[in-house]
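Working notes, beginning with the structure itself.
Values reported hereafter were calculated over all heavy atoms of this structure, with side chains retained and with hydrogens, waters and symmetry mates removed. Chain letters run A, B, ... following the sequence lines, proteins first, then strands; residues in each count from 1.
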Number of protein chains: 4
Amino acid sequence: MQAKNSPDKQKERTFIESARRAQIVAAAIEVIADQGYGNASFAKIAKQAGLSSTGMISYHFKGKDDLIREVVAEFMRLTAVHLTGKMDAETTMAGRLRTYITARIAMLDEYPKHFLAVLEIVSAVRAEDPELRGLTPGMAYFFSVQEERFREGQRAGEFREFDPKIMVLALHGAINEATARAAVDPDFDSAVCGRELADLFEAATRKDGMSHDN
Amino acid sequence: MQAKNSPDKQKERTFIESARRAQIVAAAIEVIADQGYGNASFAKIAKQAGLSSTGMISYHFKGKDDLIREVVAEFMRLTAVHLTGKMDAETTMAGRLRTYITARIAMLDEYPKHFLAVLEIVSAVRAEDPELRGLTPGMAYFFSVQEERFREGQRAGEFREFDPKIMVLALHGAINEATARAAVDPDFDSAVCGRELADLFEAATRKDGMSHDN
Amino acid sequence: MQAKNSPDKQKERTFIESARRAQIVAAAIEVIADQGYGNASFAKIAKQAGLSSTGMISYHFKGKDDLIREVVAEFMRLTAVHLTGKMDAETTMAGRLRTYITARIAMLDEYPKHFLAVLEIVSAVRAEDPELRGLTPGMAYFFSVQEERFREGQRAGEFREFDPKIMVLALHGAINEATARAAVDPDFDSAVCGRELADLFEAATRKDGMSHDN
Amino acid sequence: MQAKNSPDKQKERTFIESARRAQIVAAAIEVIADQGYGNASFAKIAKQAGLSSTGMISYHFKGKDDLIREVVAEFMRLTAVHLTGKMDAETTMAGRLRTYITARIAMLDEYPKHFLAVLEIVSAVRAEDPELRGLTPGMAYFFSVQEERFREGQRAGEFREFDPKIMVLALHGAINEATARAAVDPDFDSAVCGRELADLFEAATRKDGMSHDN
DNA sequence: CATGAATGAGTGTTCATTCAT
DNA sequence: AATGAATGAACACTCATTCAT
């Protein structure tokens, strides 16, 4: 009775709908980063977005999970855009690692709220089903890619022998800690932090005796 | 670290009162670790503790902040007891560092709930006033001590030149990430993780050319 | 029963408009029967009808009352068409009664959703103003006709003396109960039910000593 | 740690708690009967009960289902008390039937809201899972008992041959319809209705030729 | 003729906290 | 020392309806 030539149940979002969603997502990021995930109620987000009612958010998002998932997706889009290009320019694994760390930390200046918001979300939903927020698939893939990069570096003789899983864990732990610190410490200097972390992981990964000046 | 005999308005607690507080704190740790900070309501904690009403918790603690502060204090007491002795046995800074990391990670097996709970708390209250939960003073002091240790190591010629602040940041980021991972990943092996992280930070801190096998 | 050419403010409906209304009414019947009156929101009805928004329903109907009224009207039209002819063929009052009961129960197989939907509506709006849904006039008229039929039968000596009001009440109570049961009980057999109910009310109405086999 | 010598998780309700529950149940019956199940929100019930907030209801009942279940249970308790004694005094099945009908209809005068409320509930939850409200078990048992009574009467030669299932269905349909009518029709006379319905079902069940005066 | 964006009141439920007993 | 009753604000979410386009 209703001709649907689209192959799948594709939602076909209107321009104005997309704009509203983006506006709400932006407000959500702001509120989560500023007040924490636990305090990020629809009421606060609506207020931040200048909307008159929370019903508006429910109208544009199927539920809170849907909104949070969109925040995460927005963050991932952003990260991919900023990092992929720069890293592909590097030829050595050590170079890629240094570039990733410094570029990632540099982003803290540009999008301080985004990273913080996602960090809040990741922490807060640990105990609940993380699939709901679309976290697991993206994260797991991202981590596995990084592990593989470390393995490549080891095969190429650039890196010493270590457990790539643990190295990825340490790397992300350090970056997350820096993200949290940046939000709290007014003296935080992202340039210094990026350089120092890059040095740290260069030293932690390179083969014995290989120093950066020979 | 906490002057017990200070002339301040120190409430003299009866034995039974202390026992009740301990019981509630233990229940809170369990619930926070298992269900997340966001879901750790007085109702859930009371149920876990086998208490019939939440009023009991409010009776023994001045408020939620007070309870959380006690959880953190309990954790700090625990960490101090377990780590101080072992580390003091070491003579070199590198040795102390390795001991700290492995002992700290090993504790994940012994007290998985405690660490997870505190991790949840630290993440969740970042946006709110952390002083309220008694986090800031302890953490700041602990971090400054570790920074000073790294500086000692640098002065003694054991460690390369790096920013001790960032090294502490990376170290704790890695350990926190490991804590979170341990709670989620059934394949997590604390022995491997401890050794690998110790290797990682040994390599990251030692002077160029100084390797353990040449 | 409803003067179509009355000089009242009768809205001239276009063909397409009527089609849309019919489509929505059909969807409403489906949803009310399947999910209950309480769950029959415009959103659910629009979805069932394949419409993208609830605004469409509000556009074609002045309000929820209007839609419900149309559902009831559709049901009454249907009942009249199916029953009138068959009953007029009967000459005795007892025959008419039997025919009415069996034909009415038989309709449960043909239009299960319609009857159930109206039953839901009647139950749900009892406490509110039933006039709004166009229930009262039709029902009252229908009941008074049936009462009069019973009186005719009594005058003709076919039926024993009883209060026709109560007999109508019992008859409709039984039929409604059967309607509800049919929707729930997979073992419900409309043929058996129709025959048994007809026997029941034949026995309940006939003069003492008058039996069909002596 | 908490000695519990009770064999089961028996809730052990306080006197005041029971009183509050009863008060809320009474208010719920009032509201459901007066405004319909669909309009019986916690807000309306709280207002009716003179409570200041809906949270109070949630405090005493685990959820809306729990409250509704209690309403039904209260009704069943009431019915059992009023009917059992009277019916047991009768020796013939026909006598029991007559007593049941008249006593049941007479209760409409005494507890008009109770019956109406339960009728509303039964209608409203048909589409949802009726088990949740504790309806199914009680009803099914009650119906099966009545069916068995009819079968006894048939074996004893008091009743004609008919399908007991359908007779129970008709009986309850008629009584329910009377309940609804009583709430709406100011001219409703329960004495007349009771007597007439008793006559009706006596005629509908007795063996051919057996009249009440020989 | 039709749509989808917007509204604001209303839903049941949970929350930390207070207080009389 | 302890209890359980009570509170009222906050929560995410749904509702029928309006209206500009």
Side-chain angles (χ1 to χ4, degrees), chain A residues 12-21 38-46 51-68, chain B residues 13-17 19-20 38-46 51-67, chain C residues 13-17 19-20 38-46 51-67, chain D residues 12-21 38-46 51-68:
Chain A
E12 297 287 352
R13 265 196 258 285
T14 320
F15 168 75
I16 176 163
E17 154 113 72
S18 298
R20 270 269 182 263
R21 278 176 69 98
N39 298 328
S41 65
F42 274 20
K44 298 239 179 70
I45 295 170
L51 305 175
S52 59
S53 80
T54 70
M56 180 97 236
I57 301 179
S58 288
Y59 174 72
H60 286 288
F61 293 87
K62 209 165 57 175
K64 195 168 194 183
D65 287 349
D66 193 23
L67 172 55
I68 297 304
Chain B
R13 271 197 253 286
T14 66
F15 168 75
I16 181 163
E17 157 116 53
R20 273 268 183 259
N39 298 328
S41 65
F42 274 19
K44 298 235 180 72
I45 295 170
L51 305 175
S52 58
S53 88
T54 70
M56 177 108 221
I57 300 178
S58 287
Y59 175 73
H60 286 286
F61 295 87
K62 205 164 52 175
K64 197 169 193 182
D65 289 347
D66 192 24
L67 171 55
Chain C
R13 272 198 252 283
T14 66
F15 168 75
I16 181 163
E17 157 115 53
R20 273 268 183 258
N39 298 330
S41 65
F42 275 18
K44 298 236 180 72
I45 295 170
L51 304 174
S52 58
S53 87
T54 69
M56 177 108 222
I57 301 179
S58 287
Y59 176 73
H60 285 287
F61 294 88
K62 205 164 52 177
K64 196 169 193 182
D65 289 347
D66 193 22
L67 171 55
Chain D
E12 298 287 352
R13 264 195 257 288
T14 320
F15 168 74
I16 177 163
E17 155 111 73
S18 298
R20 270 268 182 263
R21 278 176 69 98
N39 297 328
S41 64
F42 274 20
K44 299 239 178 70
I45 295 170
L51 305 174
S52 59
S53 81
T54 70
M56 180 97 237
I57 301 178
S58 288
Y59 174 71
H60 286 287
F61 294 87
K62 208 166 58 175
K64 195 168 194 183
D65 287 349
D66 192 23
L67 172 55
I68 298 303

Practice prompt. Walk me through it: do A:I57 and A:K64 pass the test side chain to side chain contact (heavy atoms under 4.5 Å, CB included)?
Written response: CA-CA 9 Å; A:I57 301 179; A:K64 195 168 194 183; over 6 Å; no
Worksheet item: Which base, if any, makes a Watson-Crick or G-U wobble pair with F:dA20, both distances under 3.5 Å?
Response: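 Across all strands, the one nucleotide that pairs with F:dA20 is E:dT3.
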Would you indicate what [X] reaches in the nucleic acid, counting non-hydrogen atoms under 4.0 angstrom: base, sugar-phosphate, or nothing?
| X | value |
| --- | --- |
| B:S41 | sugar-phosphate |
| D:S52 | sugar-phosphate |
| A:F42 | sugar-phosphate |

Worksheet item: DNA chain E: B:N39 or D:A43, which has the more 5' nearest nucleotide?
Response: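 Mapping each residue to its closest nucleotide by heavy atoms, the 5'-most match is D:A43.
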Check whether any side-chain nitrogen or oxygen of [X] sits under 4.0 Å from OP1 or OP2 of [N], and answer yes or no.
| X | N | answer |
| --- | --- | --- |
| C:S53 | E:dA5 | no |
| A:T14 | E:dA5 | yes |
| D:Y59 | F:dA6 | no |
| D:H60 | F:dG4 | no |
| A:R20 | E:dA6 | yes |

Worksheet entry | Distance-minimising heavy-atom pair for D:F42 and D:S58 | CE2-OG, 3.7 Å
Worksheet item: Looking at B:S53 and B:A46, what are the two nearest heavy atoms and their distance?
Response: O-CB, 3.9 Å
When you get a sec, tell me which of [options] is the closest nucleotide to the side chain of [X]?
| X | options | result |
| --- | --- | --- |
| A:E17 | F:dC11, E:dA5, E:dC1 | E:dA5 |
| B:I16 | F:dA1, E:dT13, E:dT3 | F:dA1 |
| A:M56 | F:dA1, F:dT14, E:dT7 | E:dT7 |

Please report, rounded to the nearest Å, how far the [atom2] atom of [N] is from the [atom1] atom of [X].
| X | N | atom1 | atom2 | value |
| --- | --- | --- | --- | --- |
| D:R21 | F:dA5 | CZ | P | 11 Å |
| B:D65 | E:dT17 | CG | C1' | 13 Å |
| A:K64 | F:dA10 | NZ | P | 15 Å |
| A:L51 | E:dA5 | CG | P | 14 Å |
| D:I45 | E:dG12 | CD1 | P | 7 Å |
| B:I57 | E:dC15 | CD1 | P | 12 Å |

Fill in: Main-chain N/O of A:K44 paired to A:S41 side chain as donor or acceptor, under 3.5 Å
yes
Discussion item. Using the rule given for side chain to side chain contact (heavy atoms under 4.5 Å, CB included), can you reason through B:I45 versus B:L67, listing the C-alpha separation, both sets of side-chain angles and the distance that settles it, and then say yes or no?
Written reply: CA-CA 11 Å; B:I45 295 170; B:L67 171 55; 4.0 Å; yes
Worksheet item: Is there a side chain to side chain contact (heavy atoms under 4.5 Å, CB included) between B:D66 and B:H60 once you walk through the steps?
Response: CA-CA 9 Å; B:D66 192 24; B:H60 286 286; over 6 Å; no
Worksheet item: If each of A:A40 and C:K44 is mapped to the nucleotide of DNA chain F with the nearest heavy atom, which maps nearer the 5' terminus, i.e. the 5' end?
Response: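 Nearest-nucleotide comparison on DNA chain F picks A:A40.
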Worksheet item: On DNA chain F, nearest-nucleotide positions of A:S58 versus C:K62: which is more 5'?
Response: A:S58
Worksheet item: Do A:T54 and F:dC11 have a side chain to base donor-acceptor pair shorter than 3.5 Å?
Response: no
